Amino acid sequence: MKQTENHSRFIEEMKERSGQDPACCLQCAKCSAACPVSAVMDLLPHQVIRYLQLGFTDEACKSKTPWVCASCFTCAARCPRDLDLARMMEGIRLVALRRREGNRLNPGELTPEQLKQLPQQALVSGFRKYTK
Amino acid sequence: MIKSIKKEHLAHLWERLASNGPLYLPVKEGPALLFKPWREGAAVDLETVSSTVSPKEVFLPRDEVYMQFSRAGQKLELHPAVQEPAGRLIAFGLRSCDLRAVELLDMVFCRKEPVDEPYAARRENTTLVALACGEPDPFCFCTAFGVDPVNAPGADVQAWWNRDDLVLEAETARGEALFTLAGELLAERNAVDRPERPATTDFSLPLEGLPKRLKERFDDPAWGRLYRSCIGCGACTYVCPTCHCFDVQDFGHHARGQRFRCWDSCMYKEFTVMAGGHNPRLTRKERVRQRFLHKLQYFPENYGVYACVGCGRCLRSCPVNLDVVQAIRALGGETVEQR
Amino acid sequence: MPRVGVFICWCGTNIAGTVDIETVVETARNFPGVVHTADYRYLCSEIGQDLIKEAIKNEKLEQVVVGTCSPRMHESTFRKAVAEAGLNPFLLEVANLREHCSWVHQDKTEATAKAIALLRAAAAKAVLNAPLIAPRLDVEKRALVIGGGIAGIQAALDIAEAGYPVDVVEREPSIGGRMAQLEKTFPTLDCAACILTPKMVEAAQHPQINLLTYSEVEEVKGFVGQFDVKIRQKARAIDATKCTGCGVCYEKCPTKTESEFEMGLAKRKAIYVPFPQAVPNVPVIDRDNCLYFRKGRCRICEKECPPQAVYFEQQDQILERRYGAIVVATGFDQLNPVEYGEYAYGQHPDVLTSLEFERFFNAAGPTGGKVVRLSDGKPPRNVVFIQCVGSRDKARGMNYCSKICCMFTAKQAILLKEKVPEARSYVFYIDVRTAGKGYEEFQRRAAEQYGVAYLRGQVGKVFPDGDRLTVKGVDSLSGKTIEIQADMVVLAAASVARGDAAQVGRVIGINSDQYHFFNEAHPKLKPVETHTAGIFIAGACQAPKDIPDSVAQASAAAVKAVGLLAKEKLQGEACTARVDQSGCSGCLYCEAVCPYGAISAVQIEEHFRGEKLTRIVAEVNAALCQGCGSCTVACRSGSINLQGYTNAQILAEVDAICL
Amino acid sequence: MAENNVDYSAKIRGVVAQDLLSGRIDLLLGWEKGHYWWQSRPLFARDQADLERLAWDSFCAVNLSRYLVDELKENKKVGVLLKGCDARALNRLVQDNMVPRERVIAYGLPCPGMLNYAALLEAAAGRKPDGIAEENGQVTVRGGGVELTVPRDRVLLDKCRHCLYPNPVHCDQLLLTPVGERQAPERFSAVQERESLSSDARFAYWEKQLERCLRCYACRQACPYCSCRECFVEQEQPRWLSKASQPSENFMFHLIRAYHGAGRCIDCGECQRACPVGIPLQELNRKLIKDINELYGHYEAGLDPGQEPPLLTYRPDDPAAFSEK
Amino acid sequence: MSLAQNRPKTEAATAGMEAAAQDRAWEPLIVAFCCNWCSYAGGDLAGTSRMQYPSNIKVIRVPCSSRMNPLFILRAFQRGADGVLVAGCHPGDCHYSTGNYLVRRRLSAFKRLIEFAGLEPERFEVRWISSSEGDKFSEVMREMTAAIKALGPNGKLRDGRWRKIT
């Protein structure tokens, strides 16, 4: 694992988008303890932040965690340092999306069935979350 | 020599006259009419009879520097004040009462030794243009003091209105010099009769033998009634054309500074406070009495003429309507007013 | 013009390095009044001071100006020197050529120019200096200690031992404070009562100590050496002189209510002593719960009391006393974690704060010393301790570390193991902080010998699960989420300032920080002093503290107080306000703004037209005046002036600087 | 005033005569006519004959309460006629310990606002008015055989235009019936107008206004809050400022004079009325009233002598007009 | 300078401008009144920590910011100060417990008054600087000097005679 040379630019951009600074995190992991979807994460939320603190931005982006984050804000509510992790994850997603071309989700990939079953809202938020 | 100029051309005349030295004339400043050096766009007002503040400041500025001093270590050094040379002055539009007042000031400052240099210098360099009064102000009572509203002795130029013409008659060489300066702006004109002498308010003041009566009544209880309404401001003395008291003060700091004189008023309790705090004129009673007696008794005794010219400025300006007329009536009559 | 001497200090190269001393001296020579100038390498040195003294004698100087370091540094030094040369010490002015000039500017010409300006201002002020004499103030040789916890008791004992009478004001019916609630103390595990009780008794019996329990301070006026304090002694409804402490009254009392001492985990009577070892051992009738006070009937205690000590008509007493010094030791509270819903505190009987849990170990406690679940009375198998509940919680504006939690948690985990050998403890922590003699060893013992499981992580949720509690947490080191079936959850709730600390601070006249802990005068050099001279602070009212720190600080505060009381007289403020009665119109606006009540109205007589008239003018009590000068601005006529900083002097400084 | 042909002067005379003659008061402060019908001057009445001259009309602008300070040196008990503003002036003086209230009998005169001769002249359109008649809010100016009627508000003194309390407060006896409350006038309009200017424009404005100050101190002498025995202006040690008529000295005088009225000025406008050269001094006073009300809560000086003036007190959470960061 | 040119050509104003014109490298004069217990001490700390700031600021020591008579401030402007700063303890920390609370009211009213008279707001400032804020002390000094430099010399409220005698 090594720091990507432009990791600081990544983090600056993420900070700007989310208004959250990973440096404030104490690594108390209360977020992870509270997270309802931690089970399906490969990294626990506090670990993602840890990677950012250390500048391992690639790991942070490669991780599933930012993408499975449901933005339920439990972490934000629990965090003793007043950090809003949900925003931070959003920040990571946005930066990541703008960095690597192509969206993580394009309409073509969706089968008509899926389109039928999925509620409008889910689609809208899905595209907002996974596309530029 | 008589010349005249149309009302509408006066602006040009002001510009010309102001070209070689300050031209003082009555200018509207807010609600007040003041004698000010003419400046482009000044609201000159030759209609209103008497200015709020008298033109005395042309010769007796509100403050002027005497000398400078500096101190280094334990030694103190005095230097003459850097006096800006008193250039030619023109005072335009003084009324007969103002002219009489100037004469009174002359008596004090330069008719006899010691002569007050700064005053004398300004006076020497000033051309006086008197303006005859038309409709008098309700406050005017100059005639009571023998002032002729349309004829001002001592003026270098006597001016008066003839419908829309301002007619000027040079009385002295200085006056003629002014005509020369004005040049083509003034039109030749044959003699024109001076305007009628208007009737000013006649307060029927018992001026005959007044000083003598007042002298006897120095301790009269009437003073104790008269002064009460006075609030002790200096408005009357500062608008008055004949009041001429001044104070000497220092400006600066302990290392360097200047000594100057500035208007002062016998109405202020500080006027007579002595080093050590004693004040011979303890209350407003003594101060009010002093002011009126100075005008109506002491000055006549010293100079043989009243130091009031009936301009009515104090009647207009006193915030509580206490004035010289009231004083003369209360204490000057055959008998003292009992109220 | 007085004869002025100007002396410039090089301060080695500190001043001379950036300020051209020669130019400064040359210029100073021509300042008004100056008859003598000199400069020296170290003016504050013996030789430097002699330089000044000699000049005063030889040159007959009447005013002295020194250009040196900050007046806050050496003004007193030079005042002394000037005084030794026979001048009044206040005929000295200091120009700050170091801190305010040479140290903050590099350009030599600029620094020199500024030095000259500052010196000119000082000289301009100096020529207007007048001799001043500081009033000498009496010291009331008695101290007041507010708070009867371990810190208060220690401070009182130390002051008393030094031979000065002390009054201790305690809000509760008994002294003892928080420590009395504890079972054992870390890191030695000796019993709190065993070490506290003797001190309580000692305090009670000490001839110099006067305990005012069940009392509160209502007002503090005056100033160092002479604080006038109003103390309300709440009515116990017991005649303490008769009471023998036999305890019949509370045996017989029919009314029960929650015991504060037991953190509401047990009941007490309406007439009660908070705990068995209470000092004084005199009951109190709690009027909110007493049948007689509520309904007007009962009076059983009165009937039963052998010495007839019950006295329902007793009223609050207001005691007014003067003290020379005050020690504030009002202690702390433990945060009520009810707002942390995720921990289920208040929702489940087996979720406790550590202070509540502490009572479980006490033989006289709610469970008679047995550690059992309140829910079913069974001993716990799994106990989860959660650290930093409220502490380090930026989100709730509590950024600080409560300092003692790591240690008392380790202690409780150990005690638990001793009481319930089969029990297992889990501690969720963010960091373990054990700075202190024997502390780290103690904590390690808990982990290594007592098998306490330390998990670096926080708990996200505690929820009831059958008759147990599920604790959902994380071990951040392994990156694993962890679920524990717990029987009890103990919350290390933050130590917080007393709920009314800010208000109390206002009454006493000391200020507090954003968490309402009282402020020390200087974080390093004046840890027990406050900004108000003569008032000192000790214990957890200043910041979270363990017992040793509180005791140490208490003794420190005591020494400060004793040092003050030992003084024959106190030097008052010399630069005080003064009224020119001739100009004073008696509007007394000055009185309204004076923070010290130093200004009062007096009637003077004067003659007017031969008659005697009386009128009101202001008068300054120089002993009370501290010289802030607020009055001089409230006075429109400038009739009240501040000596040493007169209107004329400040104007002279302004003029000089603007030259 | 002789509105609706009721001689109020006689009414007032009747009441105060009893007190004066019965010795309840040694002196009555009232008004009498001056040289002209548009002039009134203070009356110091000691007996019936004096009282005959007492005249209450639309020109009794002079505030009488300030005279109490001196008159109480020579009299045990003084009665004084007070308009709305004068009554608050009395409270001001009482609050400043200049006047022992118990030695004053305050007779309140509800005041419809006093008239301005200059304004009447304008209304008379060039003719010299030789008298007026008033009837329900209208003023009829007689002059040169012609009569012109104008609404009263148009010919009021400046000081009366924005009067909030025409009815006297805290009087011992209210003579005449209270006048109706006037609709809240925008007394700060002039101030706001000035505030909207640029700094330089404001400075130019004030420099022009203050340039003509004579330093006669009429403003100070007429003012109920300028109650000092010794004004900073005249102090020798230190010399705060000199009598020299310098722009900066004039600024110094007027700014500090206004500042000394901060939280104390009752906004009676006597300063402006007394000024012989018509400097808009009330603007400075009102600026302070406005700001202090905005920053530290509404306060009306002279209404309640018990209330602490705003600059003598504080709240820990006060706002500031400067950055507190 | 440009600002100075826009100013009304009053006697006082021009005085300031000429002064500036004569001396190309015009430097503003700023008088700072610091309370002895907090701000002056803050200045000392700035010194001991060698925090550099412009030498334009000259400090006058007063016991408490509540000693600040507005007359002192006007006097400074009369005598040619281009800016005036009053600094005191933070509210609540006043050595005399309530002084700066009163100052906040007094000087807020006064600041608005002189701004009403035409003075630029930047020219008169009040700041709370504690004895531990050496950094803030120097920062304020830098800021204020910069702000006044941007404004140019002050002629307003200035006494024309002062330059003549000095």
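By convention in this document, chain letters (A, B, ...) are assigned in the order of the sequence lines, proteins followed by strands, and residues within each chain are numbered from 1. Being a predicted model, the structure only gives us computed values, none of them experimental.
For a heavy-atom cut-off of 4.5 Å, chain B lies close to no residue in residues 614-622 of chain C.
Contacts of C:L659 with chain B are made by side-chain atoms alone, with heavy-atom separations under 4.5 Å and no backbone atom involved.
Around atom CD1 of C:I133, no more than 12 heavy atoms belonging to other residues, nucleotides or ligands sit under 6.0 Å away. Heavy-atom neighbours of C:R72 CZ from other residues, nucleotides or ligands within 6.0 Å: above the threshold of 12.
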When you scan chain C against chain B, which donor-acceptor pairs turn up at less than 3.5 Å?
residue : atom : partner : partner atom : Å
C:P2    : O    : B:Q74   : NE2          : 3.2
C:F31   : O    : B:G73   : N            : 3.2
C:G33   : N    : B:G73   : O            : 2.6
C:G33   : O    : B:Q74   : NE2          : 3.0
C:R609  : NH2  : B:T283  : OG1          : 2.6

